[in-house]
Amino acid sequence: MRAHRSHQAYWAFVGHRVSGIALAAFLPLHFLTLALVLKGTAALDSFLVLAEMPLFKIAEWGLVVLLAVHFFFGLRLLFLELHPWKRAGDSRLYWIVPSLFAAFLVGAVFVAGVV
Amino acid sequence: MDAVSPKSLSVRIWRGKDDGRFETYEVPARDNQTVLDVVTEVQRRHEPALAYRFACRVGVCGSCAMTVNGVPRWTCRTHVAKVAEAGEITIEPLRNMPRIKDLACDMAGFFDKWQKAGGRFTGTRNRAEPPAAVDPASRKRVAVDAAIECINCAVCYSACDVVSWNEEYLGPAALNRAWTLVNDERHALRRTTLDLAMEQGGCGNCHTQGSCMRHCPVGISPTESIAGLKRMSLLSFLVRDHAAADALAKTEEPA
Ligand code: SF4
Ligand code: SF4
Ligand code: FES
């Protein structure tokens, strides 16, 4: 990381970008598996058995966390851009760490629901 | 050898253009020494051909910016004590602009973008008329309190990754300038400035990375100014031309 980038707002940008790209990459796979139903329920069912494997559950957890990260960082951006700043430097940097916590909280709730 | 100083600084300075190299110079460490002092000392005592820029030496003119240990800074107001790492500093030209020689880079493209962003002021009155009175407490004036203090140093432009990624991007300083003008009651072409600031390469390209506000030496937040432009551009899009243009035109009439 070059020195001029080592600050929170830049990390928030990286987090938002990486989660966004990962989610975008996931979507076609998601549709692909859903489309299995077109080949009949057997095809989908055989996939759903696969989806019960622990590895899949971990991946699902990752997906939930990514979604939550993207959601909360996105909220910060929307707020920054649509709501006039109250004072100079009101860049909601202090939202960044709580956003991450919130995302992992959502992940924890997911884990609690699955286990 | 310099026998006077018990302590010395090891200064790596970029020499040449793109295919240059770092040269290391030993300079005595002094109290209250700025990075610009160090560069000047190197030029006076070691390397008369060293190219760099400065003028005011007190943080007003914006000509002395360089990359110091990887971070863009105004060198005349940067104390060595604050940035030296184990008695070493590395000084390079700013990023995102073509290098000319040593520490000087070509800022023409940077300033061209100020024009592209609609940054030229066009008055509503002639010299026979009394000057327009701007209420310092008015909403529009308060919105640019910080932004008008820009010293055109290009530190933000050098810090912004979107500028490195997208040649067309106007960059934080030019857009910050546009923001001051769209809020300036005396500026006749506010709508034009907004249109130019919204065009390809304009405010919509900013990814809110915040490196500009992080490094601006005078504490301006171009991120905030650009957010303001984004809001205005959204409004002007939703309200679609007539109403918005008229509303603007109305406030443009001399009071
Ligand atoms: S906030 Fe926008 S203009 Fe400023 S450094 Fe980030 S991307 Fe560049
Ligand atoms: S906004 Fe700040 S960093 Fe950018 S040119 Fe102006 S004074 Fe320099
Ligand atoms: S020399 Fe003028 S701002 Fe540094």
Side-chain angles (χ1 to χ4, degrees), chain A residues 1-27 62-63 65-104 106, chain B residues 67-73 83 85 90 92 94-96 139-140 142-149 155-165 176 179 183 203-204 206-216 218-235 238:
Chain A
M1 204 54 148
R2 298 261 309 238
H4 71 273
R5 300 187 187 121
S6 55
H7 58 94
Q8 284 193 356
Y10 197 91
W11 283 109
F13 160 75
V14 171
H16 197 241
R17 179 54 62 95
V18 169
S19 59
I21 291 176
L23 290 170
F26 159 77
L27 260 185
L63 199 65
V65 171
L66 280 178
L67 252 176
V69 164
H70 203 70
F71 173 79
F72 288 116
F73 280 178
L75 271 189
R76 172 175 167 264
L77 283 187
L78 283 175
F79 203 78
L80 272 187
E81 294 187 350
L82 296 179
H83 189 265
W85 296 25
K86 281 196 295 291
R87 57 199 145 74
D90 195 7
S91 49
R92 278 75 174 195
L93 292 177
Y94 50 89
W95 284 28
I96 295 174
V97 173
S99 293
L100 271 184
F101 271 111
F104 279 95
V106 171
Chain B
T67 305
V68 183
N69 284 355
V71 173
R73 294 179 182 279
V83 290
E85 287 160 10
T90 300
E92 299 163 79
L94 287 178
R95 288 192 327 141
N96 295 341
R139 194 176 52 83
K140 280 178 173 291
V142 170
V144 297
D145 262 353
I148 55 172
E149 300 295 340
V155 161
C156 55
Y157 188 78
S158 170
C160 177
D161 275 359
V162 180
V163 172
S164 339
W165 298 337
N176 178 72
W179 173 244
N183 282 293
C203 61
C206 164
H207 287 305
T208 318
Q209 289 169 355
S211 294
C212 53
M213 64 175 172
R214 168 81 181 184
H215 298 296
C216 172
V218 290
I220 297 170
S221 171
T223 315
E224 174 179 359
S225 305
I226 296 169
L229 286 171
K230 286 177 179 169
R231 268 197 316 279
M232 260 193 200
S233 70
L234 187 66
L235 272 178
L238 293 178

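Atom set for the values below is all heavy atoms of this structure, side chains included, hydrogens, waters and symmetry mates excluded.
- Pairing each heavy atom of B:Val71 with each of A:Ala3, the nearest pair is CG2-CB, 3.5 Å.
- Between B:Arg231 and A:Leu80, the shortest heavy-atom distance links the atoms NH1-O, 4.3 Å.
- For A:His4, the side-chain hydrogen bond (donor to acceptor under 3.5 Å, both in side chains) criterion is met by B:Arg95, B:Asp161, not counting sequence neighbours.
- Side chains of A:Trp85 and B:Thr223 form a contact here, defined as non-hydrogen atoms less than 4.5 Å apart.
- Only the side chain of A:Leu77 comes within contact range of chain B, with heavy atoms under 4.5 Å apart.
- Expressed to the nearest 0.5 Å, how far CZ of A:Arg5 lies from OG of B:Ser211 amounts to 8.0 Å.
- Contacts of B:His215 with chain A are made by side-chain atoms alone, with heavy-atom separations under 4.5 Å and no backbone atom involved.
- Neither the backbone nor the side chain of A:His16 comes within less than 4.5 Å of any heavy atom of chain B.
- Taking SG of B:Cys203 as the start and CD of A:Glu81 as the end, the distance is 9.0 Å to the nearest 0.5 Å.
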